There are 2 protein chains.
Amino acid sequence: MSAESSRLPTAPARLRADARHNRDRIAEVARDLLATRGLDVPMAAIARRAGVGIATLYRHFPTKEALVEVVFAEKFAACASVVDDALADPDAWRGFRTAVERVCALQADDHGFSAAFVAAFPAPDARERERARAVEGMAELTRRAQAAGRLRADFVPADLALLMAANRGVIAAAGRAGPAASKRLVGYLLGAFDAEGAGPLPPPAPIDLLDAVGRPPAPPVRPRAERGGRPGA
Amino acid sequence: MSAESSRLPTAPARLRADARHNRDRIAEVARDLLATRGLDVPMAAIARRAGVGIATLYRHFPTKEALVEVVFAEKFAACASVVDDALADPDAWRGFRTAVERVCALQADDHGFSAAFVAAFPAPDARERERARAVEGMAELTRRAQAAGRLRADFVPADLALLMAANRGVIAAAGRAGPAASKRLVGYLLGAFDAEGAGPLPPPAPIDLLDAVGRPPAPPVRPRAERGGRPGA
DNA sequence: CGGTAAGCGGAGGGGGCCATCCGTTTGCCG
DNA sequence: CGGCAAACGGATGGCCCCCTCCGCTTACCG
(Lines give C-alpha, C1' and ligand atoms only; values in the text may rest on other atoms or scores of the structure.)
Protein backbone atom coordinates (compact mmCIF):
# COMPACT_ATOMS: atom_id res chain seq x y z
CA MET A 1 0.00 0.00 0.00
CA SER A 2 2.59 2.58 -0.95
CA ALA A 3 1.23 6.03 -1.57
CA GLU A 4 1.25 5.53 -5.29
CA SER A 5 1.45 2.35 -7.29
CA SER A 6 4.21 2.01 -9.83
CA ARG A 7 3.79 3.75 -13.15
CA LEU A 8 4.57 2.62 -16.64
CA PRO A 9 8.31 2.02 -16.92
CA THR A 10 8.76 4.44 -19.80
CA ALA A 11 6.79 7.28 -18.24
CA PRO A 12 8.47 9.88 -16.09
CA ALA A 13 7.70 9.24 -12.43
CA ARG A 14 7.57 12.94 -11.61
CA LEU A 15 4.61 15.03 -12.67
CA ARG A 16 4.44 18.74 -12.58
CA ALA A 17 2.32 20.01 -9.70
CA ASP A 18 -0.55 21.24 -11.85
CA ALA A 19 -0.54 18.02 -13.83
CA ARG A 20 -0.78 15.96 -10.69
CA HIS A 21 -3.60 18.10 -9.42
CA ASN A 22 -5.49 17.74 -12.68
CA ARG A 23 -4.97 14.02 -12.74
CA ASP A 24 -6.40 13.65 -9.25
CA ARG A 25 -9.31 15.91 -10.04
CA ILE A 26 -10.10 13.91 -13.18
CA ALA A 27 -10.04 10.65 -11.26
CA GLU A 28 -12.28 12.13 -8.59
CA VAL A 29 -14.83 13.40 -11.09
CA ALA A 30 -14.69 10.17 -13.05
CA ARG A 31 -15.38 8.18 -9.91
CA ASP A 32 -18.44 10.25 -9.25
CA LEU A 33 -19.82 10.33 -12.77
CA LEU A 34 -19.14 6.68 -13.50
CA ALA A 35 -20.87 5.67 -10.30
CA THR A 36 -23.80 7.96 -10.94
CA ARG A 37 -24.37 7.64 -14.64
CA GLY A 38 -22.64 4.41 -15.51
CA LEU A 39 -20.03 3.66 -18.11
CA ASP A 40 -21.89 5.51 -20.83
CA VAL A 41 -20.84 8.90 -19.56
CA PRO A 42 -18.85 10.61 -22.33
CA MET A 43 -15.23 11.46 -21.82
CA ALA A 44 -16.07 15.04 -22.72
CA ALA A 45 -18.46 15.26 -19.78
CA ILE A 46 -15.80 14.08 -17.38
CA ALA A 47 -13.30 16.54 -18.78
CA ARG A 48 -15.73 19.41 -18.63
CA ARG A 49 -16.79 18.73 -15.07
CA ALA A 50 -13.18 18.36 -14.04
CA GLY A 51 -12.52 21.75 -15.56
CA VAL A 52 -9.90 20.49 -17.99
CA GLY A 53 -9.68 20.07 -21.72
CA ILE A 54 -10.28 16.74 -23.36
CA ALA A 55 -6.66 16.52 -24.37
CA THR A 56 -5.59 16.73 -20.75
CA LEU A 57 -7.87 13.90 -19.85
CA TYR A 58 -6.45 11.73 -22.61
CA ARG A 59 -2.90 12.65 -21.66
CA HIS A 60 -3.37 11.22 -18.19
CA PHE A 61 -5.50 8.28 -19.25
CA PRO A 62 -4.64 7.22 -22.77
CA THR A 63 -8.00 5.56 -23.28
CA LYS A 64 -11.38 5.40 -21.68
CA GLU A 65 -10.66 1.86 -20.63
CA ALA A 66 -7.58 3.02 -18.74
CA LEU A 67 -9.57 5.62 -16.87
CA VAL A 68 -12.26 3.16 -15.91
CA GLU A 69 -9.66 0.64 -14.86
CA VAL A 70 -7.98 3.10 -12.52
CA VAL A 71 -11.22 4.43 -11.13
CA PHE A 72 -12.59 1.03 -10.24
CA ALA A 73 -9.41 -0.47 -8.91
CA GLU A 74 -10.45 0.31 -5.37
CA LYS A 75 -13.87 -1.25 -5.86
CA PHE A 76 -12.10 -4.40 -6.91
CA ALA A 77 -10.10 -4.39 -3.74
CA ALA A 78 -13.21 -3.80 -1.66
CA CYS A 79 -14.85 -6.74 -3.33
CA ALA A 80 -11.91 -9.00 -2.66
CA SER A 81 -11.71 -7.96 0.96
CA VAL A 82 -15.38 -8.68 1.43
CA VAL A 83 -14.72 -12.23 0.39
CA ASP A 84 -11.71 -12.45 2.68
CA ASP A 85 -13.76 -11.24 5.62
CA ALA A 86 -16.40 -13.80 4.88
CA LEU A 87 -13.87 -16.60 4.70
CA ALA A 88 -12.66 -15.61 8.15
CA ASP A 89 -16.13 -16.00 9.64
CA PRO A 90 -16.42 -19.20 11.67
CA ASP A 91 -20.12 -19.43 10.84
CA ALA A 92 -20.14 -20.67 7.25
CA TRP A 93 -23.69 -19.68 6.44
CA ARG A 94 -23.36 -16.23 7.95
CA GLY A 95 -20.12 -15.75 6.03
CA PHE A 96 -21.79 -16.74 2.79
CA ARG A 97 -24.79 -14.57 3.43
CA THR A 98 -22.89 -11.43 4.37
CA ALA A 99 -20.50 -11.83 1.46
CA VAL A 100 -23.43 -11.98 -0.92
CA GLU A 101 -25.12 -9.04 0.72
CA ARG A 102 -22.05 -6.87 0.73
CA VAL A 103 -20.98 -7.63 -2.82
CA CYS A 104 -24.47 -6.93 -4.05
CA ALA A 105 -24.50 -3.71 -2.09
CA LEU A 106 -21.27 -2.69 -3.77
CA GLN A 107 -22.97 -3.34 -7.06
CA ALA A 108 -25.99 -1.30 -6.05
CA ASP A 109 -24.04 1.66 -4.77
CA ASP A 110 -22.18 2.13 -7.99
CA HIS A 111 -23.82 2.05 -11.35
CA GLY A 112 -20.57 1.57 -13.15
CA PHE A 113 -19.23 -1.10 -10.87
CA SER A 114 -20.89 -4.08 -12.42
CA ALA A 115 -19.97 -3.01 -15.86
CA ALA A 116 -16.42 -2.37 -14.83
CA PHE A 117 -15.94 -5.31 -12.53
CA VAL A 118 -14.04 -7.08 -15.19
CA ALA A 119 -13.52 -3.68 -16.71
CA ALA A 120 -14.96 -5.14 -19.84
CA PHE A 121 -11.45 -4.69 -21.12
CA PRO A 122 -8.49 -7.01 -21.18
CA ALA A 123 -7.72 -6.02 -17.58
CA PRO A 124 -4.20 -6.06 -16.25
CA ASP A 125 -2.90 -9.41 -15.11
CA ALA A 126 -2.68 -8.37 -11.49
CA ARG A 127 -6.32 -7.35 -11.46
CA GLU A 128 -7.19 -10.50 -13.29
CA ARG A 129 -5.57 -12.66 -10.63
CA GLU A 130 -7.32 -10.70 -7.92
CA ARG A 131 -10.62 -11.38 -9.60
CA ALA A 132 -9.91 -15.07 -9.95
CA ARG A 133 -9.02 -15.22 -6.27
CA ALA A 134 -12.31 -13.58 -5.33
CA VAL A 135 -14.23 -16.03 -7.47
CA GLU A 136 -12.44 -18.96 -5.90
CA GLY A 137 -13.17 -17.50 -2.49
CA MET A 138 -16.86 -17.38 -3.24
CA ALA A 139 -16.77 -20.97 -4.41
CA GLU A 140 -15.10 -21.93 -1.15
CA LEU A 141 -17.78 -20.08 0.82
CA THR A 142 -20.35 -22.04 -1.14
CA ARG A 143 -18.75 -25.37 -0.28
CA ARG A 144 -18.48 -24.52 3.39
CA ALA A 145 -22.04 -23.30 3.66
CA GLN A 146 -23.24 -26.47 1.99
CA ALA A 147 -21.08 -28.61 4.25
CA ALA A 148 -22.68 -26.82 7.19
CA GLY A 149 -25.99 -27.95 5.80
CA ARG A 150 -27.44 -24.51 5.69
CA LEU A 151 -27.01 -23.79 1.97
CA ARG A 152 -29.24 -26.01 -0.13
CA ALA A 153 -27.41 -28.90 -1.73
CA ASP A 154 -28.49 -28.16 -5.27
CA PHE A 155 -26.94 -24.71 -5.16
CA VAL A 156 -24.05 -24.33 -7.59
CA PRO A 157 -21.41 -21.59 -7.78
CA ALA A 158 -22.86 -20.46 -11.09
CA ASP A 159 -25.91 -19.42 -9.11
CA LEU A 160 -23.78 -16.63 -7.71
CA ALA A 161 -23.37 -15.32 -11.21
CA LEU A 162 -27.10 -15.69 -11.63
CA LEU A 163 -27.58 -13.63 -8.51
CA MET A 164 -25.23 -10.91 -9.61
CA ALA A 165 -26.78 -10.74 -13.04
CA ALA A 166 -30.21 -10.46 -11.49
CA ASN A 167 -28.94 -7.83 -9.12
CA ARG A 168 -27.50 -5.91 -12.01
CA GLY A 169 -30.82 -5.97 -13.79
CA VAL A 170 -32.66 -4.73 -10.72
CA ILE A 171 -30.18 -1.94 -10.12
CA ALA A 172 -30.37 -0.81 -13.71
CA ALA A 173 -34.15 -0.75 -13.54
CA ALA A 174 -34.64 0.76 -10.12
CA GLY A 175 -32.65 3.91 -10.68
CA ARG A 176 -32.62 5.92 -7.49
CA ALA A 177 -34.19 3.06 -5.57
CA GLY A 178 -31.44 0.70 -6.66
CA PRO A 179 -29.95 -0.07 -3.26
CA ALA A 180 -33.33 -0.72 -1.68
CA ALA A 181 -34.52 -2.86 -4.56
CA SER A 182 -31.26 -4.76 -4.55
CA LYS A 183 -31.59 -5.48 -0.84
CA ARG A 184 -35.04 -6.88 -1.32
CA LEU A 185 -34.00 -9.07 -4.22
CA VAL A 186 -31.06 -10.38 -2.25
CA GLY A 187 -33.36 -11.01 0.67
CA TYR A 188 -35.64 -13.11 -1.49
CA LEU A 189 -32.82 -15.04 -3.07
CA LEU A 190 -30.98 -15.72 0.16
CA GLY A 191 -34.27 -17.04 1.44
CA ALA A 192 -34.45 -19.28 -1.58
CA PHE A 193 -30.87 -20.44 -1.10
CA ASP A 194 -31.35 -21.18 2.56
CA ALA A 195 -31.98 -24.85 3.22
CA GLU A 196 -33.90 -23.99 6.39
CA GLY A 197 -36.47 -21.73 4.82
CA ALA A 198 -37.16 -18.05 4.65
CA GLY A 199 -36.30 -15.35 7.11
CA PRO A 200 -37.46 -11.73 7.30
CA LEU A 201 -37.37 -9.60 4.20
CA PRO A 202 -36.09 -6.11 3.43
CA PRO A 203 -38.90 -3.65 2.68
CA PRO A 204 -40.21 -3.36 -0.86
CA ALA A 205 -38.68 -0.69 -3.05
CA PRO A 206 -40.70 1.44 -5.44
CA ILE A 207 -39.63 -0.03 -8.74
CA ASP A 208 -41.84 0.50 -11.72
CA LEU A 209 -42.74 -2.14 -14.21
CA LEU A 210 -41.77 0.10 -17.07
CA ASP A 211 -38.30 0.30 -15.67
CA ALA A 212 -38.11 -3.36 -14.83
CA VAL A 213 -38.86 -4.27 -18.32
CA GLY A 214 -36.71 -1.86 -20.17
CA ARG A 215 -37.38 1.80 -20.19
CA PRO A 216 -34.72 3.55 -22.24
CA PRO A 217 -31.63 4.45 -20.24
CA ALA A 218 -32.16 8.19 -20.33
CA PRO A 219 -34.88 9.82 -22.43
CA PRO A 220 -34.45 13.34 -21.12
CA VAL A 221 -35.97 15.43 -23.85
CA ARG A 222 -36.04 14.55 -27.50
CA PRO A 223 -36.79 17.75 -29.33
CA ARG A 224 -36.38 15.94 -32.60
CA ALA A 225 -37.94 17.50 -35.65
CA GLU A 226 -41.63 16.99 -36.15
CA ARG A 227 -42.65 14.13 -38.27
CA GLY A 228 -45.93 12.80 -39.49
CA GLY A 229 -46.90 15.61 -41.80
CA ARG A 230 -45.04 14.92 -45.00
CA PRO A 231 -42.32 17.43 -45.81
CA GLY A 232 -44.55 18.64 -48.61
CA ALA A 233 -45.95 21.89 -47.26
CA MET B 1 -58.88 -10.12 -35.89
CA SER B 2 -59.35 -8.91 -39.41
CA ALA B 3 -56.52 -9.77 -41.74
CA GLU B 4 -54.99 -6.35 -41.40
CA SER B 5 -55.53 -3.76 -38.73
CA SER B 6 -56.63 -0.31 -39.79
CA ARG B 7 -54.03 1.99 -41.25
CA LEU B 8 -53.40 5.67 -40.80
CA PRO B 9 -56.40 7.61 -42.10
CA THR B 10 -54.37 9.63 -44.56
CA ALA B 11 -52.44 6.69 -46.00
CA PRO B 12 -53.76 4.78 -48.98
CA ALA B 13 -55.19 1.48 -47.83
CA ARG B 14 -54.03 -0.28 -50.96
CA LEU B 15 -50.37 -1.06 -51.40
CA ARG B 16 -48.80 -2.20 -54.60
CA ALA B 17 -48.00 -5.88 -54.56
CA ASP B 18 -44.25 -5.46 -54.38
CA ALA B 19 -44.58 -2.87 -51.65
CA ARG B 20 -46.71 -5.18 -49.59
CA HIS B 21 -44.25 -7.99 -50.07
CA ASN B 22 -41.37 -5.80 -49.00
CA ARG B 23 -43.20 -4.56 -45.97
CA ASP B 24 -43.90 -8.09 -44.80
CA ARG B 25 -40.34 -9.15 -45.43
CA ILE B 26 -39.03 -6.20 -43.44
CA ALA B 27 -41.28 -7.00 -40.52
CA GLU B 28 -40.21 -10.63 -40.64
CA VAL B 29 -36.52 -9.81 -40.67
CA ALA B 30 -36.97 -7.18 -37.98
CA ARG B 31 -38.73 -9.70 -35.75
CA ASP B 32 -35.82 -12.06 -36.10
CA LEU B 33 -33.02 -9.54 -35.67
CA LEU B 34 -34.65 -7.66 -32.81
CA ALA B 35 -35.22 -10.90 -30.96
CA THR B 36 -31.71 -12.12 -31.62
CA ARG B 37 -29.62 -9.02 -31.25
CA GLY B 38 -31.85 -6.72 -29.26
CA LEU B 39 -32.95 -3.19 -29.95
CA ASP B 40 -29.46 -2.06 -30.83
CA VAL B 41 -29.56 -3.62 -34.25
CA PRO B 42 -29.11 -0.84 -36.82
CA MET B 43 -31.85 -0.08 -39.27
CA ALA B 44 -29.36 -0.56 -42.07
CA ALA B 45 -28.79 -4.15 -40.97
CA ILE B 46 -32.49 -4.87 -41.11
CA ALA B 47 -32.82 -3.28 -44.52
CA ARG B 48 -29.83 -5.13 -45.90
CA ARG B 49 -30.97 -8.50 -44.61
CA ALA B 50 -34.44 -7.87 -45.95
CA GLY B 51 -32.89 -7.15 -49.31
CA VAL B 52 -34.29 -3.64 -49.57
CA GLY B 53 -32.86 -0.16 -49.49
CA ILE B 54 -32.90 1.89 -46.36
CA ALA B 55 -35.37 4.30 -47.89
CA THR B 56 -37.83 1.49 -48.42
CA LEU B 57 -37.60 0.52 -44.80
CA TYR B 58 -38.26 4.08 -43.69
CA ARG B 59 -41.12 4.46 -46.13
CA HIS B 60 -42.97 1.59 -44.51
CA PHE B 61 -41.98 2.42 -40.97
CA PRO B 62 -41.38 6.14 -40.59
CA THR B 63 -39.19 5.69 -37.57
CA LYS B 64 -37.35 2.95 -35.75
CA GLU B 65 -39.81 3.26 -32.92
CA ALA B 66 -42.65 2.54 -35.29
CA LEU B 67 -40.96 -0.59 -36.57
CA VAL B 68 -40.29 -1.87 -33.09
CA GLU B 69 -43.82 -1.07 -32.05
CA VAL B 70 -45.27 -3.09 -34.90
CA VAL B 71 -42.89 -5.96 -34.47
CA PHE B 72 -43.60 -6.41 -30.79
CA ALA B 73 -47.32 -5.88 -30.94
CA GLU B 74 -47.89 -9.60 -30.98
CA LYS B 75 -45.61 -10.14 -28.01
CA PHE B 76 -47.75 -7.68 -26.12
CA ALA B 77 -50.81 -9.65 -26.97
CA ALA B 78 -49.16 -12.89 -25.91
CA CYS B 79 -48.26 -11.33 -22.61
CA ALA B 80 -51.78 -10.12 -22.02
CA SER B 81 -53.26 -13.49 -22.88
CA VAL B 82 -50.92 -15.21 -20.46
CA VAL B 83 -52.39 -13.08 -17.71
CA ASP B 84 -55.92 -13.81 -18.88
CA ASP B 85 -55.23 -17.54 -18.84
CA ALA B 86 -53.84 -17.28 -15.35
CA LEU B 87 -56.87 -15.37 -14.14
CA ALA B 88 -59.04 -18.18 -15.42
CA ASP B 89 -57.23 -20.78 -13.36
CA PRO B 90 -59.29 -21.83 -10.33
CA ASP B 91 -56.10 -22.55 -8.39
CA ALA B 92 -54.86 -19.08 -7.44
CA TRP B 93 -51.30 -20.07 -6.63
CA ARG B 94 -50.89 -22.16 -9.75
CA GLY B 95 -52.29 -19.30 -11.82
CA PHE B 96 -49.83 -16.88 -10.27
CA ARG B 97 -46.93 -19.22 -10.72
CA THR B 98 -47.58 -20.11 -14.35
CA ALA B 99 -48.21 -16.49 -15.26
CA VAL B 100 -44.86 -15.55 -13.81
CA GLU B 101 -43.14 -18.44 -15.52
CA ARG B 102 -44.66 -17.76 -18.88
CA VAL B 103 -44.09 -14.03 -18.89
CA CYS B 104 -40.50 -14.54 -17.88
CA ALA B 105 -40.14 -17.14 -20.60
CA LEU B 106 -41.42 -14.60 -23.12
CA GLN B 107 -38.78 -12.24 -21.88
CA ALA B 108 -36.10 -14.89 -22.17
CA ASP B 109 -37.03 -15.99 -25.65
CA ASP B 110 -36.73 -12.56 -27.10
CA HIS B 111 -33.86 -10.24 -26.37
CA GLY B 112 -35.73 -7.23 -27.58
CA PHE B 113 -38.96 -7.97 -25.79
CA SER B 114 -38.13 -6.49 -22.45
CA ALA B 115 -36.75 -3.39 -23.98
CA ALA B 116 -39.76 -3.04 -26.20
CA PHE B 117 -42.42 -4.07 -23.73
CA VAL B 118 -43.33 -0.51 -23.22
CA ALA B 119 -41.65 0.13 -26.50
CA ALA B 120 -39.58 2.66 -24.68
CA PHE B 121 -41.54 5.10 -26.75
CA PRO B 122 -44.76 6.93 -26.09
CA ALA B 123 -46.68 3.84 -27.20
CA PRO B 124 -50.08 4.10 -28.83
CA ASP B 125 -52.97 4.51 -26.44
CA ALA B 126 -54.47 1.17 -27.31
CA ARG B 127 -51.24 -0.60 -26.45
CA GLU B 128 -50.95 1.48 -23.34
CA ARG B 129 -54.35 0.37 -22.14
CA GLU B 130 -53.51 -3.23 -22.92
CA ARG B 131 -50.41 -2.93 -20.81
CA ALA B 132 -52.27 -1.35 -17.93
CA ARG B 133 -54.79 -4.17 -18.09
CA ALA B 134 -52.03 -6.76 -17.90
CA VAL B 135 -50.49 -5.02 -14.93
CA GLU B 136 -53.82 -4.88 -13.17
CA GLY B 137 -54.32 -8.56 -13.95
CA MET B 138 -51.04 -9.43 -12.33
CA ALA B 139 -51.98 -7.43 -9.27
CA GLU B 140 -55.24 -9.34 -9.11
CA LEU B 141 -53.36 -12.64 -9.35
CA THR B 142 -51.21 -11.46 -6.49
CA ARG B 143 -54.20 -10.68 -4.30
CA ARG B 144 -55.84 -14.02 -5.02
CA ALA B 145 -52.70 -16.01 -4.38
CA GLN B 146 -52.24 -14.22 -1.10
CA ALA B 147 -55.85 -14.76 -0.16
CA ALA B 148 -55.32 -18.45 -0.84
CA GLY B 149 -52.53 -18.28 1.69
CA ARG B 150 -49.95 -19.66 -0.65
CA LEU B 151 -48.21 -16.44 -1.63
CA ARG B 152 -46.38 -14.91 1.30
CA ALA B 153 -48.20 -12.00 2.88
CA ASP B 154 -45.35 -9.54 2.61
CA PHE B 155 -45.22 -9.92 -1.16
CA VAL B 156 -46.16 -6.72 -2.95
CA PRO B 157 -47.01 -6.20 -6.64
CA ALA B 158 -43.83 -4.19 -7.07
CA ASP B 159 -42.00 -7.43 -6.45
CA LEU B 160 -43.20 -8.52 -9.85
CA ALA B 161 -41.30 -5.64 -11.34
CA LEU B 162 -38.35 -6.69 -9.23
CA LEU B 163 -38.64 -10.14 -10.69
CA MET B 164 -38.84 -8.95 -14.26
CA ALA B 165 -35.91 -6.61 -13.80
CA ALA B 166 -33.87 -9.43 -12.33
CA ASN B 167 -34.94 -11.69 -15.15
CA ARG B 168 -33.90 -9.07 -17.64
CA GLY B 169 -30.48 -8.86 -16.07
CA VAL B 170 -30.04 -12.60 -16.15
CA ILE B 171 -31.11 -12.85 -19.75
CA ALA B 172 -28.79 -10.09 -20.80
CA ALA B 173 -25.91 -11.78 -19.03
CA ALA B 174 -26.56 -15.37 -19.97
CA GLY B 175 -26.56 -14.89 -23.72
CA ARG B 176 -27.30 -18.20 -25.35
CA ALA B 177 -28.18 -19.78 -22.03
CA GLY B 178 -30.75 -17.09 -21.32
CA PRO B 179 -33.85 -19.26 -21.22
CA ALA B 180 -32.23 -21.85 -18.95
CA ALA B 181 -30.78 -19.24 -16.64
CA SER B 182 -34.09 -17.44 -16.54
CA LYS B 183 -35.90 -20.63 -15.60
CA ARG B 184 -33.55 -21.23 -12.73
CA LEU B 185 -33.86 -17.71 -11.42
CA VAL B 186 -37.63 -17.90 -11.61
CA GLY B 187 -37.47 -21.23 -9.83
CA TYR B 188 -35.53 -19.71 -6.98
CA LEU B 189 -37.74 -16.67 -6.73
CA LEU B 190 -41.00 -18.57 -6.86
CA GLY B 191 -39.58 -20.68 -4.07
CA ALA B 192 -38.89 -17.52 -2.15
CA PHE B 193 -42.38 -16.20 -2.84
CA ASP B 194 -44.07 -19.40 -1.81
CA ALA B 195 -45.38 -19.25 1.73
CA GLU B 196 -45.06 -23.02 2.04
CA GLY B 197 -41.37 -23.26 1.23
CA ALA B 198 -39.29 -24.37 -1.68
CA GLY B 199 -40.03 -26.92 -4.33
CA PRO B 200 -37.77 -28.50 -6.94
CA LEU B 201 -35.50 -26.28 -9.01
CA PRO B 202 -34.72 -26.01 -12.71
CA PRO B 203 -31.17 -27.14 -13.55
CA PRO B 204 -28.34 -24.64 -13.32
CA ALA B 205 -27.39 -22.81 -16.49
CA PRO B 206 -23.83 -22.07 -17.48
CA ILE B 207 -23.66 -18.37 -16.84
CA ASP B 208 -20.30 -16.79 -16.36
CA LEU B 209 -19.48 -14.25 -13.71
CA LEU B 210 -17.95 -11.96 -16.26
CA ASP B 211 -21.25 -11.86 -18.05
CA ALA B 212 -23.26 -11.55 -14.87
CA VAL B 213 -21.37 -8.53 -13.87
CA GLY B 214 -21.21 -6.67 -17.07
CA ARG B 215 -19.18 -7.89 -19.98
CA PRO B 216 -19.55 -5.45 -22.86
CA PRO B 217 -22.56 -6.17 -25.07
CA ALA B 218 -20.60 -7.39 -28.06
CA PRO B 219 -16.83 -7.07 -28.26
CA PRO B 220 -16.39 -8.98 -31.50
CA VAL B 221 -13.01 -7.83 -32.72
CA ARG B 222 -11.51 -4.46 -32.01
CA PRO B 223 -8.68 -4.02 -34.49
CA ARG B 224 -8.18 -0.52 -33.23
CA ALA B 225 -4.84 1.12 -33.78
CA GLU B 226 -2.01 0.07 -31.50
CA ARG B 227 -1.38 2.11 -28.45
CA GLY B 228 0.94 1.89 -25.49
CA GLY B 229 4.14 3.05 -27.06
CA ARG B 230 4.04 6.79 -26.77
CA PRO B 231 3.57 8.64 -30.07
CA GLY B 232 7.15 9.76 -29.65
CA ALA B 233 8.25 6.89 -31.87
C1' DC C 1 -49.54 -2.05 -74.79
C1' DG C 2 -48.43 2.49 -73.06
C1' DG C 3 -48.67 6.20 -69.58
C1' DT C 4 -48.43 7.42 -64.84
C1' DA C 5 -47.73 7.53 -60.18
C1' DA C 6 -46.33 4.49 -56.59
C1' DG C 7 -42.34 2.45 -55.14
C1' DC C 8 -37.39 1.86 -55.10
C1' DG C 9 -32.26 2.47 -53.82
C1' DG C 10 -28.28 4.89 -52.46
C1' DA C 11 -25.96 9.10 -51.31
C1' DG C 12 -25.50 12.32 -47.68
C1' DG C 13 -27.04 15.59 -43.69
C1' DG C 14 -26.90 15.87 -38.74
C1' DG C 15 -25.49 14.29 -34.28
C1' DG C 16 -22.74 11.74 -30.81
C1' DC C 17 -18.80 9.47 -29.39
C1' DC C 18 -13.65 8.26 -28.91
C1' DA C 19 -9.26 9.70 -29.72
C1' DT C 20 -5.44 12.85 -31.77
C1' DC C 21 -2.88 17.08 -33.44
C1' DC C 22 -0.84 21.40 -32.77
C1' DG C 23 -0.37 26.19 -31.32
C1' DT C 24 -0.32 28.34 -26.73
C1' DT C 25 0.33 28.77 -21.79
C1' DT C 26 2.70 27.83 -17.45
C1' DG C 27 5.30 25.55 -13.77
C1' DC C 28 9.99 24.64 -12.76
C1' DC C 29 15.10 25.13 -12.40
C1' DG C 30 19.23 27.69 -12.70
C1' DC D 1 14.01 36.60 -13.36
C1' DG D 2 14.44 34.23 -17.83
C1' DG D 3 14.17 30.27 -20.79
C1' DC D 4 12.57 25.73 -21.86
C1' DA D 5 10.21 21.65 -21.75
C1' DA D 6 6.10 19.93 -19.78
C1' DA D 7 1.38 20.50 -19.75
C1' DC D 8 -2.78 22.63 -21.55
C1' DG D 9 -7.11 23.09 -24.55
C1' DG D 10 -9.88 23.46 -28.54
C1' DA D 11 -10.39 22.02 -33.22
C1' DT D 12 -10.37 18.05 -35.83
C1' DG D 13 -10.76 13.35 -38.00
C1' DG D 14 -12.97 8.91 -38.13
C1' DC D 15 -16.78 5.92 -37.09
C1' DC D 16 -21.52 4.67 -36.39
C1' DC D 17 -26.16 5.73 -36.07
C1' DC D 18 -30.91 7.65 -37.46
C1' DC D 19 -33.24 9.65 -40.95
C1' DT D 20 -34.17 12.40 -45.69
C1' DC D 21 -33.72 13.80 -50.54
C1' DC D 22 -33.88 12.81 -55.38
C1' DG D 23 -33.46 10.56 -59.80
C1' DC D 24 -34.64 5.91 -61.64
C1' DT D 25 -37.57 1.58 -62.07
C1' DT D 26 -41.77 -0.97 -62.26
C1' DA D 27 -46.40 -2.52 -61.15
C1' DC D 28 -50.96 -1.28 -62.21
C1' DC D 29 -55.03 0.35 -65.04
C1' DG D 30 -57.41 1.67 -69.13
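Naming convention: chains lettered A, B, ... in sequence-line order (proteins, then strands); numbering from 1 in each chain. On a predicted model such as this, the values are computed, not experimentally measured, just so you know.
Close to D:dC8, at under 4.0 Å from its OP1 or OP2, lies a side-chain N or O of A:His60. Regarding contacts with the backbone of D:dG9, a side-chain N or O of A:Thr56 is found under 4.0 angstrom from either OP1 or OP2. Under 4.0 angstrom from either OP1 or OP2 of D:dC8 there lies at least one side-chain N or O belonging to A:Asn22.
Shown here are the side chain to side chain donor-acceptor pair (under 3.5 Å) partners of A:Arg37, two or more places apart in sequence or in another chain: there are none. In terms of the salt bridge (Lys or Arg N to Asp or Glu O under 4.0 Å) criterion, residue partners of A:Arg16 (sequence neighbours excluded) are, by chain and number, A:Asp18. Applying the side chain to side chain donor-acceptor pair (under 3.5 Å) rule to A:Glu140 yields the partners A:Arg143, A:Arg144; only residues at least two apart in sequence or on another chain are considered.
Between A:Arg59 atom CZ and D:dG10 atom P the separation is 12 Å, expressed in whole Å. Between the CZ atom of A:Arg49 and the C1' atom of D:dG9 there is a distance of 20 Å, rounded to whole Å. Counting to the nearest Å, the P atom of C:dC8 and the CZ atom of B:Arg23 are 12 Å from each other. Whole-Å rounding puts the A:Phe61 CZ to C:dT20 P distance at 15 Å. The separation between B:Met43 atom CE and C:dG12 atom P is 21 Å, rounded to whole Å. Summarising the geometry, the separation between CG on B:Leu67 and C1' on D:dC18 is reported as 13 Å, rounded to the nearest angstrom. Across the protein-nucleic acid pair, A:Arg20 atom CZ and C:dC28 atom C1' stand 16 Å apart, rounded to whole Å. With rounding to whole Å, B:Ile54 atom CD1 is found 15 Å from D:dC21 atom P.
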Pair up each side-chain donor or acceptor in residues 42-58 of chain B with any protein partner under 3.5 Å, not counting sequence neighbours, and list the distances.
from, atom 1, to, atom 2, distance (Å)
B:Arg49, NH2, B:Asp32, OD2, 2.6

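Of the candidate nucleotides D:dG9, C:dG9, D:dC18, D:dC18 has the atom lying nearest to any side-chain atom of B:Tyr58. Candidate nucleotides D:dC19, D:dG9, C:dC8 were compared by shortest atom distance to the side chain of B:Thr63, and D:dC19 ranks first.
A:His21 comes within 4.0 angstrom of nothing in the nucleic acid, heavy atoms only. Residue-level contact check: B:Ala19 touches the backbone only, with heavy atoms under 4.0 Å from sugar-phosphate atoms and none from bases.
Sequence neighbours left out, the pairs with a member in residues 100-112 of chain A that pass salt bridge (charged side-chain N to carboxylate O under 4.0 Å, His left out) are A:Lys75-A:Asp110, A:Asp85-A:Arg102.
Of all heavy-atom pairs spanning A:Cys104 and A:Ser182, the tightest one is O-OG, 3.8 Å.
Residues A:Arg25 and A:Glu28 are paired through a salt bridge, judged by an N-O separation under 4.0 Å between the basic side chain and the carboxylate.
Nucleotides of DNA chain D nearest to A:Gly53 and B:Ala44 differ in position, and the one nearer the 5' end is that of A:Gly53.
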inquiry  = For a quick check, with a 4.0 angstrom heavy-atom cut-off, what is the B/S/- contact string for nucleotides 24-30 of chain D, read 5' to 3'?
reply    = --BSS--
